[in-house]
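Read the numbers this way: they start at 1 and go in the same order the structure lists the ligands and their atoms. The first residue in the sequence is number 1, and the count goes up from there. Just so it is clear, the values below take in all heavy atoms, side chains as well, and ignore hydrogens, waters and symmetry mates.
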Amino acid sequence: MTDAPPAHSVEKFRDWRFGLFVHWGLYALPARHEWVKNREQLTDEDYQPYFDHFEPDLYDPAKWARAAREAGMKYAVLTTKHHEGFCLWDSEVSDYTVAKTAWGKDLVGPFVEACRAEGLGVGFYHSLIDWHHPEFPIDLVHPQRDDEEAIAKAAGRDIQVYADYLHAQTRELLTNYGPIDIMWFDFSYPGRKYPDGRDGHGKGRDDWRSVELMAMVRELQPDILINDRLDIPGDFVTPEQYQPDGPMQRDGVPVLWEACQTLNGSWGYDRDNLDWKSPELLVKMLIDSVSKDGNLLLNVGPTGRGEFDPRALATLADIGGWMRLHERSIRGARPSEYTPPVDARYTQKGNRLYLHLFSWPMGHVHLAGLGGKVKYAQLLNDASEIKRIENDPHRTAQNTTMGGVSADVLTLKLPIQKPNVLVPVIELFL
Ligand code: GLC
């Protein structure tokens, strides 16, 4: 039903492996999750102060793009509009845009330029859902879902009028900013019901006119990749806030994928949320994704003043410190045919196999199936040799022989001290 994207776009996307997601909008001001309008069932009037006080005076996307590049990221995806409906560019078909705030200036153009200047690919996230548009019918995820009066007033809303708006805005975004690498629509929920079984007026492909929308995207940007949330298959799938347990598939066939993950469980800036993932955990998630042939899109929610807050910057810097030394086990790497030992992940690029040790073993690590197959081994962080033990007479352990190792196992002799990096990697030359 949907044409395949060009092979070179697929390859580029897969080689990138690591990207930045940016969730930015009016919700940065309440600073308590990007779903605040929904969660607290706020009306447009309740939400208006955030529009009135939007003043991102420290917005400098060159800084965002630099932080992303230094973290080892290769592309960045910005929310042009989230579910709240606020547009980060001067849309011709809406007044609910940054251009109509006191700030008054387009935010998308400078973002795109800054990314290009740092050599980053560019993607647009665009919400299908809209909690501000006057023709978007009230459904089970709408802030006014329990407001009988509002529901009665909204009875005549026509989703097709909204769909025209959605299409017009997508056209603007994909016409006005040069080549865009990724279109990331969010999200569909056809047939979704209330817990008590009532129809939730969920929305999907017929509401968005997804087939037509996707055709238009491809026409405007032939090299673009489109995600999978239009309720029709896209070019890549988007597991959210979990790590799949193996390469992702669609109908049994491997499919391009990208896990999207948060720093602290919220996508928008969430001031009091302390559920920050450690840099070590995030690096492990990146490795885990690549070992299963996926990408990681890691999110930062900038503040209302337009900055990445210090906690986000510190985390990105720590990840960047690891990436500086270990980039070659990630960038362009693919899964390996070999099965890694417990608590480890393999990635592979040609004849180089990368062993990522999630926990540091005592003295040795045993690699099944690699006996006699490795010509040289070294720690990736400092290129220091790692000794291999292959043949029996050498595989003695103090006065006895090592138990449980067969001839097809390669044993590596490790230092007792774990190298001082978030996740040590051993580079094996096959
Ligand atoms: C979701 C959420 C959301 C976030 C997104 C990222 O479906 O609604 O707030 O933007 O996914 O994957």
Side-chain angles (χ1 to χ4, degrees), residues 13 18-42 47 50 73 75-88 108 111 123-133 136 139-143 145 166 169-170 173 182-192 200-205 207-208 210 225-232 234-244 248 256-271 273 275 277 282 285-286 289 294-302 312:
F13 179 80
F18 189 25
L20 174 73
F21 216 169
V22 178
H23 273 68
W24 200 34
L26 298 181
Y27 45 80
L29 273 67
R32 42 182 198 274
H33 202 279
E34 78 284 355
W35 275 59
V36 60
K37 192 176 187 191
N38 167 293
R39 289 182 170 183
E40 300 179 14
Q41 306 200 359
L42 305 177
Y47 211 71
Y50 310 130
M73 294 161 161
Y75 62 110
V77 180
L78 173 70
T79 52
T80 48
K81 180 195 84 166
H82 203 262
H83 309 334
E84 65 179 6
F86 179 69
C87 304
L88 267 53
V108 173
F111 173 85
F124 289 155
Y125 166 110
H126 196 72
S127 178
L128 299 166
I129 299 169
D130 195 309
W131 297 331
H132 182 270
H133 195 279
F136 192 92
D139 59 25
L140 81 170
V141 295
H142 194 279
R145 62 194 169 277
L166 169 67
Q169 291 208 319
T170 304
L173 288 167
I182 295 161
M183 193 68 214
W184 219 105
F185 289 111
D186 191 41
F187 62 95
S188 299
Y189 46 110
R192 202 179 278 186
H201 305 288
K203 298 182 174 53
R205 65 187 88 164
D207 302 293
W208 322 129
S210 295
L225 297 183
I226 307 167
N227 76 337
D228 64 333
R229 296 191 179 184
L230 278 168
D231 187 31
I232 54 176
D235 302 326
F236 63 98
V237 301
T238 56
E240 174 178 338
Q241 304 232 33
Y242 77 95
Q243 289 294 117
M248 300 278 297
L256 203 59
W257 67 271
E258 173 198 69
C260 48
Q261 301 285 3
T262 61
L263 291 175
N264 62 3
S266 173
W267 300 93
Y269 179 62
D270 193 353
R271 184 191 58 207
N273 178 334
D275 208 9
K277 297 179 183 76
L282 293 162
M285 288 157 61
L286 173 61
S289 298
N295 286 14
L296 175 66
L297 187 65
L298 183 61
N299 181 75
V300 174

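Residue contacts with ligand 1, taken as heavy atom pairs separated by less than 4.0 Å, involve R229 solely via side-chain atoms from C-beta onward. At a heavy-atom distance under 4.0 Å, only side-chain atoms of D186, from C-beta outward, approach ligand 1.
Atoms of ligand 1 lying under 4.0 Å from at least one heavy atom of W184, given by number and element, are 12 (O). Of all the atoms in ligand 1, the ones that sit under 4.0 Å from a non-hydrogen atom of Y125 are 10 (O). Each of the atoms 2 (C), 3 (C), 8 (O), 9 (O) of ligand 1 lies under 4.0 Å from some heavy atom of W35. Numbered from 1 in the order shown, with element, the atoms of ligand 1 that lie under 4.0 Å from a heavy atom of E34 read 3 (C), 9 (O). Distances below 4.0 Å separate heavy atoms of H83 from the following atoms of ligand 1: 2 (C), 8 (O). Every atom of ligand 1 is numbered from 1 in the order shown, and the set under 4.0 Å from a heavy atom of C260 is 12 (O). The distance from ligand 1 to the heavy atoms of H82 drops below 4.0 Å at these ligand atoms: 3 (C), 4 (C), 9 (O), 10 (O).
Relative ring orientation between Y189 and W208 is described as tilted, the plane-to-plane angle lying within the 30° to 60° band. Classified by interplanar angle (parallel below 30°, tilted 30° to 60°, perpendicular above 60°), the ring pair W131/H83 is perpendicular.
Among all protein heavy atoms, the one lying closest to atom 10 (O) of ligand 1 is H23 NE2, 2.6 Å.
T238 and D228 share a side-chain donor-acceptor pair at under 3.5 Å.
A distance of 6.0 Å or more separates the ring centres of Y27 and F86.
Residue contacts with ligand 1: W267 is placed with no nitrogen or oxygen under 3.5 Å of a nitrogen or oxygen of the ligand (distance criterion only).
Minimum heavy-atom separation, S127 to I129: OG-O, 2.6 Å.
Remark: H23 NE2 to D270 CG distance equals 12.5 Å, nearest 0.5 Å.
Looking at K81 and D130, a side-chain N of the basic residue comes within less than 4.0 Å of a carboxylate O on the acidic one, giving a salt bridge.
A cation-pi arrangement is absent between K37 and Y50 under the rule of less than 6.0 angstrom and at most 45 degrees off the ring axis.
Nearest to atom 11 (O) of ligand 1 by heavy atom, out of E240, Q241, E258, is E240.
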